[in-house]
Every structure is written in structure tokens, then in C-alpha cells.
Amino acid sequence: METSAQEPCPRCGETSTLREKLLLIDEAWVPAQGKDSRLRYAADLRVGALKPAVVRQSPLEQFVDGFFCEKCQKGFVPDDAISGDRYG
């Protein structure tokens, strides 16, 4: 992983409770005829919102290196891996 484990958990702010973890996130949003556009926002993070350097080759693009907070029991992707729009 290229990012530092020193980025604190966004929920509790701890760094000592973090461990590296492979996370599964939602697929990139692709509009299609008849597809409900509101579904674009029915995700915390989509592949399309990540910088290309952190996205794996297909068919593994939804698996992303991130962190897991043992205290909060939540995973997160470091801020420097996100390109902008979290819904891609």
C-alpha cells in the first residue's frame, strides 16, 4: 500500500487501532437506459471515485487497499486514494 497508516480513523481519530485490509467497495456508476439514477448515490464509495493508480485490473477493480479500525469495526480508504466525487 502506498499510503501511510498514520492517517487516523475518520470516525474515532485513532491510529493505534488500525490495520491494513483489502476492502470491497461498490462498482463504478455506469448510467443505462431504465436504470434509476438515484442508485448512483446508494453507496459510500465507488470505484469510479478512486485515483487510477489505486484501482486494480479488471475483474478485481472493486478490491482496494485500505484500513480497518478495530475500535470502530469500520473500514476506510485513505483520503489520498480518492480523486473527488465519492460516488464516481
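For clarity, every value in this text was computed on a predicted model and none was experimentally measured.
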With sequence neighbours left out, write down each residue that passes salt bridge (Lys or Arg N to Asp or Glu O under 4.0 Å) with Glu70, or none if nothing qualifies.
Arg19
Heavy-atom pair with the smallest gap, counting every atom of Leu50 and Leu45:
CD2-CD2, 4.1 Å
Who are the side chain to side chain contact (heavy atoms under 4.5 Å, CB included) partners of Arg56, not counting sequence neighbours?
Leu22, Leu60, Phe63, Asp65
Could I get the full list of side chain to side chain contact (heavy atoms under 4.5 Å, CB included) partners for Lys71, not counting sequence neighbours?
Cys12, Glu14, Thr17, Cys69
If you link ILVMFWY side chains whenever their heavy atoms are less than 4.5 Å apart, which other residues fall into the same cluster as Phe68? By chain and number, please.
none
Going from CD1 on Ile25 to CZ on Arg46, what distance comes out if it is rounded to the nearest 0.5 angstrom?
9.5 Å
Flag if over 12 foreign heavy atoms under 6.0 Å of NZ, Lys51
yes
Hey, does the side chain of Glu20 reach the backbone of Phe67 with a donor-acceptor pair shorter than 3.5 angstrom?
no
